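To start, the structure under review is shown below, and the notes come after it.
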Amino acid sequence: MDGLQTDDVAEKIMAAIKNVQKNMTRLNIMVMGKTGAGKSTLINQVFSRNLAQTGVGKPVTQQIRKYELEGFPLAIYDTPGLELGGDNAIEELLKESKEVLTRGAMRGIEESIHCIWYCVSAPSHRFEEAEIEFIKKFIDETSTLCVPVIIVLTQAYSKKEAKELMAEIEKENLNVVQIIPVLAQDYEIDDEYVVKAYGKDTLIDIVHNVIPEALRNTLAAVQKANLKMKKRRANAIVATAAAAAAATGAIPIPFTDAAVLVPEQIGMIASITGVFGIPIEKATITALLSATIGTIGTTVMGKTVVSGLLKLIPGVGTITGGVISASVAAALTAALGEAYIAIMLMVAKGEMNIKEIETAEGKAKISKIFKSKLSLKRNKQGVSEEKEAE
Ligand SMILES: Nc1nc2c(ncn2[C@@H]2O[C@H](COP(=O)(O)OP(=O)(O)OP(=O)(O)O)[C@@H](O)[C@H]2O)c(=O)[nH]1
Ligand SMILES: [Mg+2]
């Protein structure tokens, strides 16, 4: 691909990214629990934008507030400052939360509450009577709406205490998905002893399993507590795109035009970007293309390099009539996707700045990853193709 064509494809990818982001179904989570339980802390430590700190939220009912950010497909319904045990506040919350759940359920997937996190502070040590009453009633009266409830034992810096509390709650046989201890933020006992945060990744895995498939990429995108989950979603996107590219099959050679990137690959890059939730600019995409697929282009590196690179992939011998085989299309697509995931992971871990992709070193790094992914494919597929030939 020459500069102009790369630019054109980058443009298409940017449009596809915008589309993916625009079409992400919003995830709605309701967070409940007493004041000081650690709801706001948990939300801030799990999601990649500071939702709970961005203001007072929009009152949905007397006690329930909705937190949202423009262009971020997440809504948090919070019951801030709730004091259980006090007179009719509890009855009121029960009524209001039922209202919110019912209203949402009637309006379809976009407005439904998809999961409830009921937070109980682990250091408070016992599950208070008033709280048991509340949650029992709440679960009972909302069971027909089938919204999954997860009990989160927050501030669980003492795993022993958390275990005891968990045993106590389990005795109640509540109809909840799971009870899990979480320490959302490192807990400093003194200067020398700090308990490391834990459990947020497990919480995300549980949520992933209980929400509809249509919301799982959204969850991957909005959370920052479970990179493995982002990676799994991204790998699935690559597998689908590679299979689709193989089915599309005939990609014309030489790879001098935008046709190198079939729509499947454009969609793949856009979807992976969506799942990682990392803002990206066109110049970065252009750099990514030129360091991967672009290196195949004859205008960039000459015919000998083209054939050299293509030797990395299986099935090249089957090029006939100016098109590449299905397995080459799949291998190229998969290598591009996997290289992009590797980069996104480095960026998400803070090991690399996204703008670094545009530097000479960044491009060299990506190019190396892409080529190693291609040759890995050769090894893997080489074996299976030999087997098939037998
Ligand atoms: N170190 C540490 N502190 C926590 C954690 N969770 C909560 N806290 C602390 O506990 C206090 C209360 O936490 P919040 O997150 O504000 O509690 P909340 O449930 O949002 O409280 P309301 O908004 O009043 O309903 C804060 O001082 C937090 O710093 C945690 O996981 N680790
Ligand atoms: Mg709060």
Side-chain angles (χ1 to χ4, degrees), residues 28-69 74-87 89-94 96-97 100 113 115-128 130-132 134-135 138 149-166 169 178-207 222-226:
N28 304 314
I29 293 182
M30 190 149 129
V31 185
M32 304 178 81
K34 281 167 55 169
T35 180
K39 301 179 294 293
S40 302
T41 309
L42 181 65
I43 293 163
N44 284 335
Q45 295 302 320
V46 164
F47 297 110
S48 58
R49 303 271 185 90
N50 251 345
L51 274 184
Q53 274 170 15
T54 46
V56 287
K58 185 177 142 227
V60 183
T61 64
Q62 284 277 320
Q63 297 182 62
I64 300 174
R65 298 227 165 101
K66 181 180 178 185
Y67 293 83
E68 253 184 315
L69 286 175
L74 174 72
I76 298 286
Y77 291 76
D78 187 14
T79 53
L82 181 74
E83 291 287 358
L84 290 180
D87 43 48
I90 201 163
E91 280 303 318
E92 185 57 31
L93 178 65
L94 197 62
E96 289 179 14
S97 46
V100 171
I113 304 289
C115 190
I116 296 166
W117 300 354
Y118 192 96
C119 298
V120 182
S121 165
S124 73
H125 218 62
R126 10 183 296 281
F127 202 26
E128 288 166 56
E131 191 145 41
I132 302 173
F134 174 74
I135 191 156
F138 174 74
V149 179
I150 299 166
I151 295 190
V152 183
L153 306 184
T154 46
Q155 309 181 48
Y157 47 81
S158 160
K159 289 192 181 173
K160 183 172 164 281
E161 278 181 14
K163 241 187 192 160
E164 285 165 12
L165 180 61
M166 198 190 295
I169 299 177
Q178 206 163 321
I179 307 166
I180 57 154
V182 172
L183 182 63
Q185 209 173 15
D186 291 357
Y187 183 81
E188 208 173 292
I189 290 180
D190 57 40
D191 284 352
E192 276 155 58
Y193 194 57
V194 175
V195 186
K196 284 268 163 222
Y198 71 91
K200 289 175 284 182
D201 52 345
T202 313
L203 175 62
I204 292 300
D205 279 335
I206 299 168
V207 176
V222 296
Q223 59 86 21
K224 62 174 177 186
N226 191 332

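Predicted model only: the values in this text are computed from it and were never measured. Order of listing sets the numbers, starting from 1, for every ligand and every atom in it.
You'll find the side chain of F138 stays beyond 4.5 Å of the side chain of L93, heavy atoms only. I135 has its side chain within reach of I151: a pair of non-hydrogen atoms, C-beta onward, lies under 4.5 Å apart. Taking 4.5 Å as the limit, some side-chain heavy atom of Y118 sits within range of a side-chain heavy atom of E131. Residues I29 and F47 form a side-chain contact, since some pair of their non-hydrogen atoms from C-beta on lies under 4.5 Å apart. For the pair S97/T79, no side-chain contact is recorded, criterion being any heavy-atom separation below 4.5 Å from C-beta on. Within the 4.5 Å cutoff, side-chain heavy atoms of E96 are placed close to those of Q62.
Under 2.8 Å from the Mg ion (ligand 2) lies an N/O/S atom of S40, whether from backbone or side chain.
The aromatic rings of Y157 and Y187 sit parallel, their planes meeting at an angle under 30°, below the 60° perpendicular limit.
Of the heavy atoms in T154, none comes closer than 4.0 Å to ligand 1. With a 4.0 Å heavy-atom cut-off, ligand 1 is reached by no atom of Q45.
Among the candidates V149, I180, V207, the single residue satisfying the side chain to side chain contact (heavy atoms under 4.5 Å, CB included) test with W117 is V207.
Of the protein's heavy atoms, T41 OG1, 2.5 Å lies nearest to atom 15 (O) of ligand 1. Counting protein heavy atoms only, atom 24 (O) of ligand 1 is closest to T35 OG1, 2.5 Å. Scanning all protein heavy atoms for the shortest distance to atom 17 (O) of ligand 1 gives G38 N, 3.1 Å. Regarding atom 31 (O) of ligand 1, its nearest protein heavy-atom neighbour is A184 N, 2.9 Å. Of all protein heavy atoms, the one closest to atom 1 (N) of ligand 1 is D186 O, 3.0 Å. At the top of the distance list for atom 11 (C) of ligand 1, counting protein heavy atoms only, stands G36 O, 4.5 Å.
Atom 19 (O) of ligand 1 has its nearest heavy-atom neighbour, among E83, M32, E188, K39, in K39. Of the candidates Q155, K200, Q185, the one placing a heavy atom closest to atom 6 (N) of ligand 1 is Q155.
Each of the atoms 25 (O) of ligand 1 lies under 4.0 Å from some heavy atom of P80. Those atoms of ligand 1 with a heavy atom of S40 less than 4.0 angstrom away are 15 (O), 18 (P), 20 (O), 23 (O). Close contacts between ligand 1 and K34 involve ligand atoms 19 (O) [criterion: under 4.0 Å to a heavy atom]. Each of the atoms 30 (C), 31 (O), 32 (N) of ligand 1 lies under 4.0 Å from some heavy atom of L183.
Between the side chain of Y198 and the backbone N or O of P181, no donor-acceptor pair lies under 3.5 Å. Panel note: side chain N28, backbone I113; no donor-acceptor pair is recorded below 3.5 Å. Put simply, the side chain of K224 never gets that close to the backbone of R49: no donor and acceptor are under 3.5 Å apart.
At least one N or O atom of A37, backbone or side chain, sits closer than 3.5 Å to an N or O atom of ligand 1.
Within the 4.0 Å cut-off (strictly below), no protein heavy atom is located near atom 27 (O) of ligand 1.
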